[in-house]
Number of protein chains: 2
Amino acid sequence: MNHAAATTPTLQDDTLSLGPLELRLGDREALVSGVRASLTVREFEVLEALTERPDRVITREDVYGRVWGGRMPYRDRAVDVHVKRIRQKLGAIAPEWTFVHTHFGIGYRLSPEVTDGGQQ
Amino acid sequence: MNHAAATTPTLQDDTLSLGPLELRLGDREALVSGVRASLTVREFEVLEALTERPDRVITREDVYGRVWGGRMPYRDRAVDVHVKRIRQKLGAIAPEWTFVHTHFGIGYRLSPEVTDGGQQ
DNA sequence: CGCAGTGGTGAAAAGAATGTGAAGGAAGTT
DNA sequence: AACTTCCTTCACATTCTTTTCACCACTGCG
């Protein structure tokens, strides 16, 4: 069984904290449990877009608009691919956590949750 | 004996509340007692259609029209099947509640009611 | 009581959307 | 020019959703 992080989004200086996730907005750096995730610029921006409304579903179109601007081309997969790599990098640091959740047919939701059996 | 939820439909932001049921229209998310019900898009839409007139009977044809558009094909069971899964998912979270009621020969009625003997 | 129509359900079939590895290219560096 | 990093795109794999079907239970009525 899973349970959500009992953590409220926090914003000090220009650092946004969400569970073990920490976004240094100014530096465009993401840390997980204090470890630098070395996201690329785009990856960071996508993650930041999801941060807009933590624990709420955000559509691909919405993410696309915030990161690339303009309307998302039909069948564009850019968002998905970046989410994949974000998951990969964050997961490498904290395998027992799940950060980005897929909402089929709609979009993604950012919300750090502990996964049972951190091993995959 | 049963009794209806002593709750009036509420609408804040884009969230509709009906007893323990909460529909986040924008996110297409349904929560029961605060727990995410993870309905699929169609399931959510059907539930939303029933929401149109809470505590009132809504015909299958009506639901069909709102969700799929157009006239419901003769003997189509799509609505029934989705209602079944909605009940299943909501019931899994709150077994002591009954949300969707069948009106034989007519349609369905959405209205959260406490069921005696939460066990099934 | 038996029939005909309606609704409940599990499961298979069909359809979509998302996950993913890899290729290709642009831009910056050495 | 060769190398590196990052972004985008593509094709295929995988997973999830929706539709359809078949069979059974239930309702209402003659």
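What's counted below: heavy atoms across the whole structure, side chains too, no hydrogens, waters or symmetry copies. Numbers restart at 1 for each chain; the letters A, B, ... are given by sequence-line order, proteins then strands.
C:dG8 atom P lies 12 Å from atom CD1 of B:Ile86, rounded to whole Å. What separates CE of A:Met72 from P of D:dT8 is a distance of 13 Å, to the nearest Å. Remark: P of C:dG19 and CG of A:Asp80 are 6 Å apart, rounded to the nearest angstrom. The distance from atom CD of B:Gln88 to atom C1' of C:dT9 is 9 Å, rounded to the nearest whole Å. Put simply, CZ on B:Arg87 is 8 Å from C1' on C:dG8, counting in whole angstrom units. Per the geometry, OH belonging to B:Tyr108 stands 7 Å off P belonging to C:dG7, to the nearest Å. Atom CZ in A:Arg75 sits about 17 Å away from atom C1' in D:dT8, given to the nearest Å. The NE2 atom of A:His103 sits 14 Å away from the C1' atom of C:dT18 (whole-angstrom rounding).
Here B:Ile93 contributes atom CD1 and B:Leu31 contributes atom CG; the two are 8.0 Å apart, rounded to the nearest 0.5 Å. Note: A:Leu23 CG to A:Leu47 CG = 5.0 Å, rounded to the nearest 0.5 Å.
Residue A:Leu50 is tested with A:Val63, A:Ile86, A:Val79 for a side chain to side chain contact (heavy atoms under 4.5 Å, CB included); the sole match is A:Val63.
In this structure, B:Glu29 and A:His103 have side chains that are in contact, with non-hydrogen atoms separated by less than 4.5 Å.
The phosphate of C:dT18 has OP1 or OP2 within less than 4.0 Å of a side-chain N or O from A:Arg60.
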*In B/S/- notation, 5' to 3', how is nucleotides 13-30 of chain D contacted by protein heavy atoms closer than 4.0 Å?*
---SSBBB------S---
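Mapped onto DNA chain C by nearest heavy atom, A:Ile106 and B:Tyr74 fall at different nucleotides, with B:Tyr74 at the one closer to the 5' end.
A salt bridge links A:Arg60 with A:Asp80; the closest basic N to acidic carboxylate O contact falls under 4.0 Å. A salt bridge is defined here as a Lys NZ or Arg NE, NH1 or NH2 lying under 4.0 Å from an Asp or Glu carboxylate O, and A:Arg66 with A:Glu45 fails to meet this definition.
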